[in-house]
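Reminder, nothing fancy here: chain letters follow the sequence lines and each chain counts from 1. Computation of the quantities below employed the complete heavy-atom set of this structure, encompassing side-chain atoms and omitting hydrogens, waters and symmetry-equivalent molecules.
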Protein chains: 2
Amino acid sequence: MTGTPRTDTGRLMELLSVSLGAYYGDFTLAAASENLTASQGKALTVLRRGPAAMRSLADTLTCDASNMTGIIDRLEKRGLVRREPSPSDRRVKNVVLTAEGERVTDAIRARMSATREGLERLSAQDRDTLHSLLERVFVSQ
Amino acid sequence: MTGTPRTDTGRLMELLSVSLGAYYGDFTLAAASENLTASQGKALTVLRRGPAAMRSLADTLTCDASNMTGIIDRLEKRGLVRREPSPSDRRVKNVVLTAEGERVTDAIRARMSATREGLERLSAQDRDTLHSLLERVFVSQ
DNA sequence: TATTGTTATACTCTATAACTATA
DNA sequence: TATAGTTATAGAGTATAACAATA
């Protein structure tokens, strides 16, 4: 962007920390607007991609399996998810979003206006570049 | 990066969610290696830039002021920070990192190897580009 | 024997409300 | 009156350890 590279890894990590804080704050606020905690919102977001076993959920959210019990308990009590026995392994319970759960999850994403507006300040090509860079840093190994 | 833009805002937000999740996981693990919670690590990171009043800390970490009391209590008990009375306003307490607090904070950052290695896969120019894009999305308004 | 999910426990985080000491 | 920080409280997240059911 400039002729002189001015971004050492330390400064970039600092900015990443600030960016994460902004994103996470936006997400937490959006979840709170549906009376959900950030952890509950994260679980719903993961389940929006499809059903998952308790253990798999815990792995994805990088928390202990015992935590998932309470989180899913509270979401189930509100009718946002339900537990279903796995047909192939009777130890396993699959967690599935209900229709109301899908609605709430989509509402959370729609409410993340700060992040959305930030992204929409970029041109289509810059969004493409950001996508590619993030993928190289955080996804590919 | 390609001639055809393929990155709509929704997909980019999804990738952002995954990327920041990876960063947060890396940070949480690094903090845990120093026997600190993520919130404690975040507070130290903010204080690494310089002293801050309790209220200002709560604002930066977007949590209620009453939470800071407990978080700073625990950090102070471990000798990582200390409270100092403000010279200009006797209601205010400034929180300052101790030398040990600085050491621990730097150790956390040094431990974030997954993120660091991800960033170091980029050329200096690509790091510059990523810096500029993140700043435009999350910092400038 | 190993794994899945749950329970019990203890500690931490979080917001709300009420309090004090300042301003 | 308003603000900075603390305390009390209750609900939620978190890891550890132990357990029953199943593989």
Side-chain angles (χ1 to χ4, degrees), chain A residues 21 24-47 51-78 80-96, chain B residues 21 24-47 51-78 80-96:
Chain A
Y24 192 67
D26 198 25
F27 179 76
T28 303
L29 219 62
S33 77
E34 295 287 336
N35 276 306
L36 292 167
T37 66
S39 291
Q40 290 169 345
K42 268 196 274 186
L44 291 181
T45 300
V46 171
L47 289 170
M54 295 293 290
R55 168 70 49 176
S56 149
L57 267 181
D59 289 345
T60 305
L61 300 177
T62 50
C63 71
D64 193 83
S66 63
N67 300 332
M68 291 315 308
T69 302
I71 294 175
I72 296 301
D73 278 353
R74 286 178 273 274
L75 291 175
E76 193 166 34
K77 202 171 298 180
R78 285 188 45 180
L80 303 181
V81 305
R82 60 173 186 277
R83 287 170 164 97
E84 289 184 350
S86 162
S88 56
D89 186 334
R90 283 196 293 172
R91 296 173 302 179
V92 173
K93 293 175 187 172
N94 291 316
V95 186
V96 189
Chain B
Y24 189 69
D26 198 25
F27 178 77
T28 303
L29 220 62
S33 77
E34 295 287 335
N35 277 305
L36 292 167
T37 64
S39 292
Q40 290 168 345
K42 268 194 275 184
L44 291 181
T45 300
V46 171
L47 290 169
M54 296 292 289
R55 168 70 50 175
S56 149
L57 267 180
D59 288 345
T60 304
L61 301 176
T62 50
C63 70
D64 192 84
S66 63
N67 300 332
M68 291 315 307
T69 301
I71 293 174
I72 297 301
D73 278 352
R74 287 179 272 275
L75 291 174
E76 194 166 33
K77 202 171 296 178
R78 286 188 46 180
L80 304 181
V81 304
R82 62 173 185 278
R83 287 169 164 97
E84 291 184 348
S86 162
S88 55
D89 186 333
R90 285 195 292 171
R91 296 173 301 179
V92 173
K93 292 175 187 173
N94 290 317
V95 186
V96 188

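Look at B:R74 and you'll find a side-chain N or O under 4.0 angstrom from OP1 or OP2 of C:dC13. Within the 4.0 Å cut-off from OP1 or OP2 of D:dC19, not a single side-chain nitrogen or oxygen of A:R91 is found. Residue A:S39 places at least one side-chain N or O closer than 4.0 Å to OP1 or OP2 of D:dT14. Contact between the side-chain N/O atoms of A:R90 and the OP1/OP2 oxygens of C:dT3 is not found at any separation under 4.0 Å. Taking 4.0 angstrom as the limit, B:K42 places none of its side-chain polar atoms (N or O) nearer than this to OP1 or OP2 of C:dC13.
Rounded to a whole Å, the CG atom of B:L36 is 17 Å from the P atom of D:dT14. If you take CG of B:D73 and C1' of D:dG5, they are 11 Å apart, rounded to a whole angstrom. Atom CD1 of B:I72 and atom C1' of D:dA4 are 14 Å apart (whole Å). Atom CG in B:N35 sits about 11 Å away from atom P in C:dT12, given to the nearest Å. Rounded to whole Å, the distance from CG on A:N94 to P on C:dG5 is 8 Å.
A:T37 comes within 4.0 angstrom of the backbone, heavy atoms only, and of no base. Residue A:A38 is out of contact with every strand shown, counting any heavy-atom pair closer than 4.0 Å. Base contact: A:S66 has a heavy atom under 4.0 Å from a base atom.
Toward the 5′ end of DNA chain C lies the nearest nucleotide of B:Q40, the other residue of the pair B:Q40 and B:A65 mapping further downstream. Between A:R55 and B:D64, the residue anchored nearer the 5' end of DNA chain C, judged by the nucleotide with its closest heavy atom, is A:R55.
Among the nucleotides C:dG5, D:dT6, C:dA15, the one closest to the side chain of B:C63 is C:dA15.
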